[in-house]
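Predicted model, so just to flag it, every value in this text is computed and none were measured. Convention: sequence-line order gives letters A, B, ...; per-chain numbering from 1.
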Number of protein chains: 2
Amino acid sequence: MEIENVAQYLKNNGIKPSYQRVRVFEYLINNKNHPTVDTVFKELVGEIPTLSKTTVYNTLKLFAKKNIIIVINIEDNETRYDADTSVHGHFKCEKCRKVYDFDVDLSKVDLKKISNFIINEYHFYLKGICEKCRE
Amino acid sequence: MEIENVAQYLKNNGIKPSYQRVRVFEYLINNKNHPTVDTVFKELVGEIPTLSKTTVYNTLKLFAKKNIIIVINIEDNETRYDADTSVHGHFKCEKCRKVYDFDVDLSKVDLKKISNFIINEYHFYLKGICEKCRE
DNA sequence: TATCATATTTGTAATCGTTACAAAATTACA
DNA sequence: TGTAATTTTGTAACGATTACAAATATGATA
Ligand SMILES: [Mn+2]
Ligand SMILES: [Mn+2]
Ligand SMILES: [Zn+2]
Ligand SMILES: [Zn+2]
């Protein structure tokens, strides 16, 4: 998905595009590294010295509620965020800690057993060692 | 998987079968409800009044390290545990909070893009509304 | 522009799940 | 039985997140 005007995109999703919100969202679409709150804060506070970590928390929570970002829980002690809301898989390398994206076609997965359930979110992730860390 | 003798099963996996460890593991195989640390503790402390929550933390961490249980991270604020170590899917109901098991055949999923990665763990979970909560 | 109401941001304190640690209890073995 | 090693326990510390209220910014109105 291409987002040309971030402020307009936020407005279209019922979010008032404050300066901080625009900057946080821009960070997410320009850095597809599935950052944590702390990563977003540390990266932005250099350019926005008055930025508060609470604002980053509030902003990401708002984005998630409005469904313009995805919350990724792979480790129990690190919540990551992703502006790519399409259904896709994640691979977390246990060595370099990097989280990779990969396409996954879940249409082939048999969900007959829960066919009467309403599915709102799909999450598919793997853990292991990435190509680079195998040597 | 059927486990007849829990103490022996723990031994076979390199775990000394202390009373507390046996009771925690028995709880997990008798209650396939994907409990949190707190749930396990609250359920067992009634029968084992001297039980410490730290012991539950230590025990579950040990079990996970020895690969006889799976750690489930669906919400960022609740870590759950599962004695069923087979590859299977989880569905969390956003209304009643229950976590359901379902069979999932991941052999049909195309993982070509990460074919050079070493995969150690598969996690597939969905969120939504369960059959009962739909009314 | 000045005024006022509303929304957002900020900094600090509180909360809560988890971990660190050392003492107490238990177990294994000589 | 005595002794060392292991496990359990209780408390303190830690760290990520949330609650909260003051400060700031925004937007409408006169
Ligand atoms: Mn992603
Ligand atoms: Mn399960
Ligand atoms: Zn790696
Ligand atoms: Zn339900």
Listed nucleotide nearest any side-chain atom of Ser52(A), set dT7(D), dT10(C), dT9(D):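 Out of dT7(D), dT10(C), dT9(D), the nucleotide with an atom closest to Ser52(A)'s side chain is dT10(C).
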Proximity to the side chain of Leu51(B) - top-ranked nucleotide from dG11(C), dT8(C), dT9(D): dT9(D)
Answer yes or no: does a side-chain N or O of [X] lie under 4.0 Å from OP1 or OP2 of [N]?
{"X": "Thr55(A)", "N": "dT10(C)", "answer": "yes"}
{"X": "Tyr57(B)", "N": "dT19(C)", "answer": "no"}
{"X": "Gln20(B)", "N": "dT9(D)", "answer": "yes"}
{"X": "Lys53(B)", "N": "dT11(D)", "answer": "no"}
{"X": "Thr50(B)", "N": "dT9(D)", "answer": "yes"}
{"X": "Lys61(B)", "N": "dT19(C)", "answer": "yes"}
{"X": "Thr36(B)", "N": "dG17(C)", "answer": "no"}

Touch class at under 4.0 angstrom, heavy-atom based, for Asn58(B) against every strand present: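 Base: the residue Asn58(B), judged by heavy atoms under 4.0 Å, touches a nucleobase.
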Touch class at under 4.0 angstrom, heavy-atom based, for Asp76(B) against every strand present: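 The residue Asp76(B) makes no contact with any strand.
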Under 3.5 Å donor-acceptor pair, Thr54(B) side-chain atoms to dT11(D) base atoms: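 Checked by distance alone, the answer is yes.
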Watson-Crick or G-U stems involving DNA chain C, each at least 3 pairs long, distances under 3.5 Å, ordered by first number: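 C:1-30 with D:1-30 - these are the stems of 3 or more pairs that involve DNA chain C.
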Leu60(B) and Leu28(B), any side-chain heavy atoms less than 4.5 Å apart: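 Yes, their side chains come closer than 4.5 Å.
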Which residue lies more 5' along DNA chain D, comparing Thr79(A) with Lys16(A) via nearest heavy atoms: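 Closest to the 5' end, via its nearest nucleotide, is Thr79(A).
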Carboxylate-amine/guanidinium contact Arg80(A) Glu78(A), below 4.0 Å: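 Result for this pair is yes, salt bridge flagged.
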Check: Tyr122(B) ring centroid to Tyr125(A) ring centroid under 6.0 Å: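 Between Tyr122(B) and Tyr125(A), the centre distance exceeds or equals 6.0 Å.
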